[in-house]
Chemist: 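Dropping the structure in here first, questions after.
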Amino acid sequence: MIIKVTSPGRVNLIGEHTDYNGGYVLPCALNLSINLYFKINNKESRVKTDLGYSMSFNITDPYKKSSIHWENYVFGVIEELKKIKSDLNNFSCDIKSSLPSGAGISSSSALVCGLIKGLSILNNINLDNSKIINLSRNVEHNYIGLLGGIMDQYTILNAKENKAILLNCNDLTTKYIDIDFGELEILLLDTNIKHNLSNTEYNVRVKECKQALKTINLANNKKYENLSQVSIDEINNAKNDLSVNQFKRAIFVYNENRRAIKSAELIEKNNLSEFGKLMYQSHEGLKNNYEVSCKELDFLVDQSKKIDGVAGARMMGGGFGGCTVNLVKRNEIQEVVKNIKKNYKSNFGIDLKVIIAKPGTGISVVRI
Ligand code: GLA
């Protein structure tokens, strides 16, 4: 029997860098995914991708960090599963993907969640979604060194077609929001810049926010558990004790949380032009206060502002590359893409990749 797991990417409409701060995000799954085909294999384990990479090992081999980045996702998943069941079966896994990697659409979480799902079924380990989310986060933290939040994994596991999820990352309460953007499409513009800086700078932001929280708690005699719980007055009270950067990060998180909540309301009311304005504000905050953008992302957002058919645009995901998410009138997409592509190429000498994104469903499993 073959177990086929389809694990999607994610688009985050708004609510960036808030997940690890216990705040609000508004993502949906993408209709592009990674397909993983699992089989028990008695001799050895083998993982093969359609990009021509393959790795083989014995499941009983002791853990060893690999110099090949993606292999560490596989080894990390196996180590985490071994903590639950020590005698895992050798397996083969063929991976076929329509999800570009390094574009900030969460291909790595799609891979990790897909591996955990498939291998848990193959080994009769019963895991609910929240367990998979925790394991997946452990893999990123302990084997990849990225101190990421849970937005990507939560979306991959729980997304529903044509819905965005307003997720409170502190208590995991959710509200599904219908996405009917009418004449507007979600357009992703991929800078084709692979975010080298992203892991290091991402972790720096996580630490800055933790430090900011400590200082704000001290200054206000409070015991908040995350930065999303503090009020604007409490941030201002602590201003003299916070570094300039910590203050900017705290202000960004405060505003971005409010934008995420407001955006969900606006989408429900079909007020997409106001939602578009919040996307632009989010980008400004990510650029100036959170400082996770880059010149290529800023260029794409600036370009989009000059075009009538675009309601809003912002960088998406961790930053320092990856893509922008844009709301664009369907019948103007071709023109928008043609112009921005041309200008991007002449400015940076890089080809722009374009994805028209449809809100897809969460992870699924088929036994073949
Ligand atoms: C990456 C992380 C997410 C989230 C975003 C920023 O995609 O994996 O957990 O923090 O960055 O919003």
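These figures come from a predicted structure and were not determined experimentally. Residue numbers run from 1 in the order of the sequence given. In each ligand, atom 1 is the first atom listed, and ligand 1 is the first ligand listed.
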Chemist: Looking only at heavy atoms, is any part of R10 under 4.0 Å from ligand 1, and if so is it the side chain, the backbone, or both, or is it neither?
Modeler: side chain
Chemist: For S228, run the side chain to side chain donor-acceptor pair (under 3.5 Å) check against N257, T18, N168, D19 and tell me which one passes.
Modeler: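 Of N257, T18, N168, D19, side chain to side chain donor-acceptor pair (under 3.5 Å) with S228 is met by N257 alone.
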Chemist: Give me the residue, atom name and distance of the protein heavy atom closest to atom 5 (C) of ligand 1.
Modeler: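 Result: M151 CE, 3.8 Å.
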Chemist: Out of all atoms in ligand 1, which are within 4.0 Å of some heavy atom of G317? Include the element for each.
Modeler: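 In order of number, 6 (C), 11 (O).
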Chemist: Where is the nearest protein heavy atom to atom 10 (O) of ligand 1: which residue, which atom, and how far?
Modeler: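 Sorting protein heavy atoms by distance from atom 10 (O) of ligand 1 puts Y202 OH, 2.5 Å first.
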Chemist: Measuring only between side-chain heavy atoms, which start at C-beta, is T174 closer than 4.5 Å to N158?
Modeler: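 Sidechains of N158 and T174: no contact.
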Chemist: Short list, please: which atoms of ligand 1 are under 4.0 Å from a heavy atom of Y20?
Modeler: 10 (O)
Chemist: Can you tell if the side chain of N170 reaches within under 4.5 Å of the side chain of N226, non-hydrogen atoms only?
Modeler: yes
Chemist: Looking only at distances, please establish whether an N/O atom of ligand 1 is found under 3.5 Å from an N/O atom of E140.
Modeler: no
Chemist: Less than 4.5 Å apart, any side-chain heavy atom of K96 and any of Y37?
Modeler: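 They are in side-chain contact.
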Chemist: Would you mind checking which non-hydrogen protein atom is closest to atom 8 (O) of ligand 1, with the distance to 0.1 Å?
Modeler: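 Nearest protein contact, heavy atoms only, for atom 8 (O) of ligand 1 is D152 OD2, 2.8 Å.
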Chemist: Once rounded to the nearest 0.5 Å, what's the spacing between atom CG of L166 and atom CD1 of I261?
Modeler: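 L166 CG to I261 CD1: 7.0 Å, rounded to 0.5 Å.
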Chemist: Give the C-alpha distance, both sets of side-chain angles, the deciding distance and a yes or no for side chain to side chain donor-acceptor pair (under 3.5 Å) between Y224 and E234.
Modeler: CA-CA 11 Å; Y224 294 124; E234 287 163 338; 2.9 Å; yes
Chemist: Give the numbers and elements of all ligand 1 atoms closer than 4.0 Å to a heavy atom of E16.
Modeler: 6 (C), 12 (O)
Chemist: Show the nearest heavy-atom pair for residues Y73 and V139, with the distance to one decimal.
Modeler: O-CG1, 4.0 Å
Chemist: Counting from 1, what ligand 1 atoms have a heavy atom of D19 closer than 4.0 Å?
Modeler: 3 (C), 4 (C), 9 (O), 10 (O)
Chemist: Using a strict 4.0 Å cut-off to heavy atoms of G149, name the atoms of ligand 1 that fall inside it.
Modeler: 9 (O)
